[in-house]
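One structure is given here, and the rest of the page talks about it.
One-based numbering along the sequence shown.
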Amino acid sequence: MTDDHDAAGAMNFIFEAGVLKRAARTGWWFAGVKQPESIAEHSFRTALIGMMLAAMEGADPARVSMLCVLHDTQETRITDIPHIAKRYLTAVPNTAVTADQVAACPPAVAEVITAAIGEYEAGETLEAVVARDADKLECLVQAVEYRHQGVDNVQRWIDSSRAALKTASAHRLADAALSGQPLAWLTPPPQE
């Protein structure tokens, strides 16, 4: 393959990932959120949470952040399937979707992305466990924010996200989210 062909394949994946900026996290519609955050917005904060959790848990923050950024990229092709819909639908594994998405990328790029998705989906490394916790914790944090904005039907998201957390650090951050105020950071600290 030529370098131009490899570059075009990589750019196709980049363009495809851009769709995630416009694709909504559809599960929130059931809670009454008319304009939920996009999949890309979710993935961005998941990566930030993942980096923090990795530091707290002794995992590799860069690796966790990468897993978090990539964890929902398949949703350009299969969409964000709400949890209840998964009872009725059968989708191909995310690893298969990813393999199709990166097939035209340069081999080194395809290998990095497919290995990351394989690791995340297997959930066996500390980094994958932390990345999955970051995903669930981001959902919990978003539910807390929606509740503070007046959406009162979010408790099931809080409960299911919290129940899925594995690491002690994720549980500590969940406690802080549940007892905190989303806009508390706007209040200046007291002067000494």
Side-chain angles (χ1 to χ4, degrees), residues 1-29 33 35-55 57 59-86 88-142 157 161 164 166 170:
M1 281 191 210
T2 67
D3 288 344
D4 288 344
H5 186 269
D6 279 357
M11 188 49 59
N12 283 341
F13 182 73
I14 292 167
F15 283 138
E16 182 175 341
V19 170
L20 298 174
K21 297 191 318 183
R22 299 184 300 277
R25 300 253 303 154
T26 58
W28 293 117
W29 290 333
V33 178
Q35 293 183 312
E37 84 277 11
S38 73
I39 296 164
E41 289 166 323
H42 162 71
S43 294
F44 167 75
R45 188 159 59 180
T46 298
L48 286 175
I49 292 169
M51 179 265 307
M52 293 172 151
L53 283 176
E57 289 290 324
D60 178 350
R63 182 77 181 169
V64 171
S65 292
M66 180 176 69
L67 297 179
C68 291
V69 166
L70 294 169
H71 84 283
D72 279 342
T73 52
Q74 307 79 18
E75 292 181 10
T76 60
R77 297 192 181 197
I78 60 171
T79 73
D80 178 36
I81 302 169
H83 186 70
I84 192 156
K86 292 179 181 180
Y88 308 102
L89 301 174
T90 304
V92 300
N94 282 342
T95 52
V97 176
T98 298
D100 286 348
Q101 288 176 305
V102 300
C105 286
V109 171
E111 183 178 316
V112 164
I113 294 171
T114 56
I117 294 302
E119 179 180 353
Y120 180 84
E121 293 297 324
E124 295 172 355
T125 65
L126 177 59
E127 286 73 19
V129 170
V130 169
R132 286 176 172 274
D133 269 7
D135 177 40
K136 298 304 181 188
L137 186 56
E138 200 288 326
C139 185
L140 182 145
V141 169
Q142 186 64 63
W157 282 266
S161 295
K166 305 280 188 231

Open item on the list: Taking ring-ring contact (aromatic ring centres under 6.0 Å, His included) as the cut-off, I'd like each qualifying pair that reaches into residues 91-138, sequence neighbours left out, listed once.
Closed with: H71-Y120

TODO: Could you grab the distance from atom CG of L20 to atom CD of E41, nearest 0.5 Å is fine?
DONE: 11.0 Å

- [ ] Please check if the side chain of D80 supplies one atom and the backbone of T26 the other of a donor-acceptor pair under 3.5 Å.
- [x] yes

- [ ] Go through the side-chain N and O atoms of Q142 and R25 and say whether any donor and acceptor fall under 3.5 Å apart.
- [x] no

Open item on the list: A side-chain contact here means heavy atoms from C-beta on lying under 4.5 Å apart; do V33 and W29 qualify?
Closed with: no

Open item on the list: Please give me the minimum heavy-atom distance between V129 and G123, naming the atom from each residue.
Closed with: CG2-O, 3.7 Å

- [ ] Measure across T46 and A134 and return the closest heavy-atom pair with its distance rounded to 0.1 Å.
- [x] O-CB, 3.5 Å

Task: Donor + acceptor pair across side chains of D135, H42 (<3.5 Å) - done: yes

Open item on the list: What I'd like to find out is whether the side chain of W28 reaches to under 4.5 Å of the side chain of C139, using heavy atoms alone.
Closed with: yes

Open item on the list: Taking side-chain hydrogen bond (donor to acceptor under 3.5 Å, both in side chains) as the definition, give me every residue that meets it alongside T125, ordered by chain and number, with sequence neighbours left out.
Closed with: E119

Task: Separation of S38 OG from K21 NZ (nearest 0.5 Å) - done: 9.0 Å

Task: M51 side, atom CE; D60 side, atom CG - distance, nearest 0.5 Å - done: 12.0 Å

- [ ] Over all heavy atoms of both residues, which pair between P36 and A24 is shortest? Give the atoms and the distance, please.
- [x] CG-CB, 3.9 Å

Open item on the list: Set out, in order, the CA-CA distance, both residues' side-chain angles and the distance that settles side-chain contact (heavy atoms from CB on, under 4.5 Å) for E16 and M11, then state yes or no.
Closed with: CA-CA 8 Å; E16 182 175 341; M11 188 49 59; over 6 Å; no

Open item on the list: Less than 4.5 Å apart, side chain to side chain, heavy atoms only: is that true for L48 and C68?
Closed with: no

Open item on the list: How about CE on M66, more than 12 heavy atoms from neighbouring residues, nucleotides or ligands closer than 6.0 Å, or not?
Closed with: yes

Task: Minimum heavy-atom distance between V130 and G50, given as atom pair plus value - done: CG1-O, 3.9 Å

Task: For the student: nearest non-hydrogen atoms of D72 and S43, plus distance - done: CB-OG, 4.2 Å

Open item on the list: Tell me whether T114 contacts the main-chain N or O of A110 through its side chain, where contact means a donor paired with an acceptor under 3.5 Å.
Closed with: yes

TODO: Begin with the C-alpha distance, continue with both residues' side-chain angles, and end with the deciding distance and a verdict on side-chain contact (heavy atoms from CB on, under 4.5 Å) for F13 and V109.
DONE: CA-CA 10 Å; F13 182 73; V109 171; 5.9 Å; no

Open item on the list: Which residue in the set T95, L67, V112 passes side chain to side chain contact (heavy atoms under 4.5 Å, CB included) when paired with I117?
Closed with: T95

- [ ] Any chance you could lay out the salt bridge (Lys or Arg N to Asp or Glu O under 4.0 Å) test for R63 and E127, step after step, and finish with the verdict?
- [x] CA-CA 7 Å; R63 182 77 181 169; E127 286 73 19; over 6 Å; no

- [ ] Please report the shortest heavy-atom distance between A54 and P61, naming the atom on each side.
- [x] CB-CA, 3.5 Å

TODO: Count the heavy atoms belonging to other residues, nucleotides or ligands that lie under 6.0 Å from CD of E111, then report whether that count exceeds 12.
DONE: no

- [ ] Check whether any side-chain N or O of T73 sits under 3.5 Å from a backbone N or O of L70 as a donor-acceptor pair, and report yes or no.
- [x] yes

Open item on the list: Among residues at least two apart in sequence or on other chains, which ones pass side chain to side chain contact (heavy atoms under 4.5 Å, CB included) with V97?
Closed with: Q74, R77, I78, V92, Q101

TODO: Output the distance between atom OG (S161) and atom CG (D133), rounded to the nearest 0.5 Å.
DONE: 10.5 Å

